[in-house]
Amino acid sequence: MGRISVDLKLTNSQDMLRAEDGILPPDQIRQTTARGVVDTGATRLVIPAAVAEQLGLPETGEVGVRYADGRTGTRKVVENVRVALLDREFTFRAIVEPDRDTALIGAIVLEELDFVVDCVAQRLYPRDPNRIIAEIE
């Protein structure tokens, strides 16, 4: 398992759509820059509860979670989280973690944005710098 620290931009994607439609002024789009940890052993996107609240993200349910130390629990899930990282963007659902102060970037985000993790060099980079490549079998 590798862990790399990165900065990412998190935005309420519904706000972005409202701004594109002229309903919301662009300067009212809720967004923030956050510190994130890329963890190749994690599956999903996890964000701090304070960030979910700041962005006004709608809750869509709950999910069971299992921590590395074996603990289990239930956490809220939010949607419409636009992640911008290394000039790539996509909208995800995220697990909300109340006691967390950094985002956790797991395999689903890495796959969707087509990133390669170099744990030795502590580096995250796009597999192809010009485009996202989708694997189809």
Can I get a per-line list of side-chain donor-acceptor pairs under 3.5 Å for residues 90-100, giving both atom names and the distance, sequence neighbours left out?
from: Thr91; atom 1: OG1; to: Arg82; atom 2: NH1; distance (Å): 2.9
from: Glu97; atom 1: OE1; to: Tyr67; atom 2: OH; distance (Å): 2.8
from: Glu97; atom 1: OE1; to: Arg75; atom 2: NE; distance (Å): 3.2
from: Glu97; atom 1: OE2; to: Tyr67; atom 2: OH; distance (Å): 3.2
from: Glu97; atom 1: OE2; to: Arg75; atom 2: NE; distance (Å): 3.4
from: Arg100; atom 1: NE; to: Thr102; atom 2: O; distance (Å): 2.7
from: Arg100; atom 1: NH2; to: Thr102; atom 2: OG1; distance (Å): 3.4

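Between Val51 and Leu10 there is a side-chain heavy-atom pair separated by less than 4.5 Å. The shortest distance between side-chain heavy atoms of Leu110 and Val38 falls below 4.5 Å.
Under the 4.5 Å side-chain heavy-atom criterion for Ile, Leu, Val, Met, Phe, Trp and Tyr, Val117 and Leu113 are members of the same hydrophobic cluster. No chain of hydrophobic side-chain contacts below 4.5 Å, direct or via other Ile, Leu, Val, Met, Phe, Trp or Tyr residues, connects Phe115 to Val46.
Taking the side-chain hydrogen bond (donor to acceptor under 3.5 Å, both in side chains) definition, one finds that Asp118 meets it with nothing, sequence neighbours left out. Residues that satisfy the side chain to side chain contact (heavy atoms under 4.5 Å, CB included) test with Asn130, not counting sequence neighbours, are Asp128. Residues meeting the side-chain hydrogen bond (donor to acceptor under 3.5 Å, both in side chains) test with Asn80, sequence neighbours left out: none. Among residues two or more places apart in sequence or in another chain, the salt bridge (Lys or Arg N to Asp or Glu O under 4.0 Å) test is passed with Asp69 by Arg71. With sequence neighbours excluded, the residues forming a side-chain hydrogen bond (donor to acceptor under 3.5 Å, both in side chains) with Glu135 are Arg127, listed by chain and number. Taking Arg88 as the reference, nothing meets the side-chain hydrogen bond (donor to acceptor under 3.5 Å, both in side chains) condition, with sequence neighbours excluded. Contacts of Glu59 classified as side chain to side chain contact (heavy atoms under 4.5 Å, CB included), with partners at least two apart in sequence or in another chain: Lys76, Val78. With sequence neighbours excluded, the residues that form a side chain to side chain contact (heavy atoms under 4.5 Å, CB included) with Glu20 are Leu17.
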Evaluate side chain to side chain contact (heavy atoms under 4.5 Å, CB included) for Leu45 paired with Ile108, printing each intermediate quantity in order.
CA-CA 7 Å; Leu45 175 65; Ile108 291 171; over 6 Å; no
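In the hydrophobic clustering, Leu24 connects to Met16, Ile29, either directly or through intervening members, whenever side-chain heavy atoms lie under 4.5 Å apart. In the hydrophobic clustering, Val116 connects to Tyr125, either directly or through intervening members, whenever side-chain heavy atoms lie under 4.5 Å apart.
With salt bridges taken as basic N to acidic carboxylate O contacts below 4.0 Å, one links Asp15 and Arg18.
Applying the ring-ring contact (aromatic ring centres under 6.0 Å, His included) test to residues at least two apart or on different chains, none of the pairs has a partner in residues 9-29.
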